[in-house]
Every structure is written in C-alpha cells, then in structure tokens.
Amino acid sequence: MKPFTYERAASPAGAASAAARRPDARFIAGGTNLLDLMKLQIETPAHLIDVNDLGLDKIEPTPEGGLRIGALVRNTDLAADARVRRDYAVLSRALLSGASGQLRNRATTAGNLL
Amino acid sequence: MATPRENDVKRRTLMAATVATATVGTIASRAGAQASPASPPAPGSGAAPTLKVSFTVNGKPRDLELDPRTTLLDALREGLHLGGTKKGCDHGQCGACTVILDGRRINSCLTLAVMHQGGRITTIEGLGTPDKLHPMQAAFVKHDGYQCGYCTPGQICSAVAVLEEIEAGIPSHVTADLNAKPALDDAELRERMSGNICRCGAYSNIVEAIGEVAGRKA
C-alpha cells in the first residue's frame, strides 16, 4: 500500500469538512473493498477518513411506512433485520447472496452504494 | 526435558529456517518481478507518521504504535507475535485470517489495526489452549477437520461465530424461510463456512465437527 495518513471523524459534519480539506482523501467504513484495492494500488488515497463513529448505523421506520437505512448499517444487520426480512425479503436475499459472512459483518450499506 | 511449549518453539524455529531456505530459489526466479504490494509496510521514506492504538486481544489490553497501513492481521502476527491467525490470500477471499472482533467474525487482512481503538479481539490463541481446548478445537481434532492445518485457526474462529449467528437468528443464502429460526443442517453450515477455503479439502469433516458442537448427532 502507498503511505497515507489517517483520521477518525466524530460527526457527519466533521467528516464532510475533513473531506473538503483533503481532496486526496477517501472515506473508510468497512474497508473490505477499499483496502483490497489499496493493496493492489488501484486506489492510492493519501489520507483516510474513518467514518465508523458517525452513529449512522440505525434502521428506522419512516412516517410514510417505509424504512430509513443508515449509511453505516452492516450488510449482516440489514439482511437480518426482522422488518427487512418480513417486508423487503428481496433485499435480505440480495445481501445474503453476496460475499461471505466475514465480509458481510464489515461491509456497509453506503459502501455498497458508493 | 523440554516442555511441550519449548518443543513447539523449536519446531517453529526449524520450520521458519526451512522455509527461508526453500524460498531462496523462488525469489531468485522472480527477480525483477514487482515486490508484492501486500507485504507488510516497512518504515522508511514516504511512510506516514505512526499512530498509537489500544485494544484488547484475548482478554489482555494491548498498546501498539503502528504505520497506519498495518492491517489488523499484521498487527496480531508481527506486532503481538500471535502467529495463530494466518495470512492466506491477504485479500479477504480465503478466510485464513478470520478473527472475532467485538463478537463478530471478520477478515483481519481487510481492516486496519488503527481502526479498532477500544476493540475486543479474539484469536485462535484466545479460544483455547493446548491443555484446555475450546469445544470447537476438540471437535476438529476428533473429526480430522484439517490436513495441513493452515486454514484451521480461521476455520475454527469462523465456526464458533457461525453457531452464534445461527443462534441469533441471522439468515443465510440457503435459509428457506427468512422469518423462521435457521436450521442447523449441512447446507446451512456449508454456506455459512463458505468464506473459509481449505485447499486440502477437509470440508466434510469440518461440517461434522461443527455439527457435533452444535449438538447434532455426529
């Protein structure tokens, strides 16, 4: 891996300002994709902003009757959520058909989408 | 007379020396090839400043000062000399590096040590000892759940976590009814263990070992 500096953001605003200050940075959450690519030097960020402490790991009902899934919800937790299993089974099935148990324990919703 | 532990150290030292000799030819034949980008970071020019991290490994508080690039796997093996956790592919595909972090199994090769300030890590060394094996370790011995043994620490850490995941009702790709408690059948165990590769092919014995610990009939 190329050398990089590392910081741990404490709030979404803190993470955003860190990213604005360092255009050469990447966010890291689960890291299962990013570190793999960094080892291969496909990704070579000079700075990593760890977003695991942002508290965005909740799955909450919305007033419209849906669910709001936090950016940092792990794949395992999303697939295993009782509401997702009952009402959005295709989402559970899609998550469980990908990767391994070890990877799903780290991988996050936002990391999969971004 | 040497204790078993002293014998063990001697065996490891001998093996390391043998491997070092055996790899000379390999290195020579790869001369000019690019150094593996996955090798542990060496301090030197261009390296970022080291960072301090403290976490608990197998119940003991540990403090390390590391290059930010150090994976949890390299921190365990090289920083703490816990060689039970193995480096296989170093890309999260083989599962040899599986450890239990805050109660969950993860690939220690795909996470940075500095990300786990305050974390609780359990490695194979923390599950049992040669004198007092963890039930999963004893079952792997009983059922011959390995041949060369390289993948075994990861297999065992993974297997311990798999039974907890089933107990917690976490479904898998082969769970027929997402809303029912997952079964403890071979298909479930095989799917859940699919992140741990065994090149010797001890899979059927591994499933038997896990099944026994889960309370199934052997």
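Residue numbers begin at 1 in each chain, while the letters A, B, ... track the order of the sequences.
For Ala29(A), the part lying under 4.5 angstrom from a heavy atom of chain B is the backbone only. With a 4.5 angstrom heavy-atom cutoff, Arg85(A) touches chain B via backbone and side-chain atoms both. If you measure heavy-atom distances from Arg86(A) to chain B, the contacts under 4.5 Å come from both the backbone and the side chain. Heavy atoms closer than 4.5 Å to chain A are found in both the backbone and the side chain of Ile170(B). Heavy atoms closer than 4.5 Å to chain B are found in both the backbone and the side chain of Asn105(A).
Your options are Asp53(A), Leu95(A), Thr76(A), and the one with the most heavy-atom pairs under 4.5 Å with chain B is Thr76(A). Highest contact tally toward chain B, considering only Leu48(A), Asp36(A), Asn52(A), Leu34(A), is held by Asp36(A) [criterion: heavy-atom pairs under 4.5 Å].
Put simply, the side chain of Ser92(A) gets close to the backbone of Ala79(A): a donor and an acceptor are under 3.5 Å apart. For Ser11(A) (side chain) and Gly14(A) (main-chain N/O), a donor-acceptor pair under 3.5 Å exists by modelled atom type.
With respect to Arg104(A) and Asp77(A), no salt bridge is recorded, no charged nitrogen being found less than 4.0 Å from a carboxylate O. Of the charged side-chain nitrogens involved, none lies within less than 4.0 Å of a carboxylate oxygen, so that Asp74(B) and Arg77(B) do not count as a salt-bridged pair. Using a cutoff of 4.0 Å between basic side-chain nitrogens and carboxylate oxygens, Lys52(B) and Asp63(B) are not scored as salt-bridged.
Atom CD of Glu65(B) has more than 12 neighbouring heavy atoms from other residues, nucleotides or ligands inside a 6.0 Å radius. Around atom CZ of Arg83(A), more than 12 heavy atoms belonging to other residues, nucleotides or ligands sit under 6.0 Å away. Counting non-hydrogen atoms of neighbouring residues, nucleotides and ligands closer than 6.0 angstrom, the CZ atom of Arg93(A) exceeds 12 such neighbours. Taking a 6.0 Å sphere around NZ of Lys2(A), one finds it holds 12 or fewer heavy atoms contributed by other residues, nucleotides or ligands.
Residues of residues 105-128 of chain B lying within less than 4.5 angstrom of chain A, judged on heavy atoms, are Arg105(B), Ile106(B), Asn107(B), Cys109(B), Leu110(B), Thr111(B), Leu112(B), Val114(B), Met115(B), His116(B) in numerical order. Of residues 147-155 of chain B, no residue lies under 4.5 Å from chain A by any heavy-atom pair. Proximity to chain A among residues 182-195 of chain B is limited to Glu191(B), Gly195(B), judged by heavy-atom separations below 4.5 angstrom.
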Stepwise side chain to side chain contact (heavy atoms under 4.5 Å, CB included) check, Phe140(B) with Ile210(B): CA-CA 8 Å; Phe140(B) 269 64; Ile210(B) 302 172; 4.3 Å; yes

Assess the residue pair Ser97(A) and His173(B) against the criterion (side-chain hydrogen bond (donor to acceptor under 3.5 Å, both in side chains)); give the C-alpha distance rounded to whole Å, side-chain angles, the decisive distance to 0.1 Å, and a yes or no. CA-CA 5 Å; Ser97(A) 66; His173(B) 180 54; 4.9 Å; no

The test is side chain to side chain contact (heavy atoms under 4.5 Å, CB included); show your working for Arg26(A) and Met38(A) and say whether it passes. CA-CA 11 Å; Arg26(A) 294 281 272 166; Met38(A) 286 169 65; over 6 Å; no

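Side-chain polar atoms of Thr50(B) and Asp67(B) form no donor-acceptor pair below 3.5 angstrom. For the 3.5 Å distance criterion, the side chains of Asn33(A) and Glu43(A) fail to qualify, holding no donor opposite an acceptor.
Taking the side-chain hydrogen bond (donor to acceptor under 3.5 Å, both in side chains) definition, one finds that Thr62(A) meets it with Glu64(A), sequence neighbours left out.
For the pair Thr109(A) and Leu72(A), the minimum side-chain heavy-atom distance is 4.5 Å or more.
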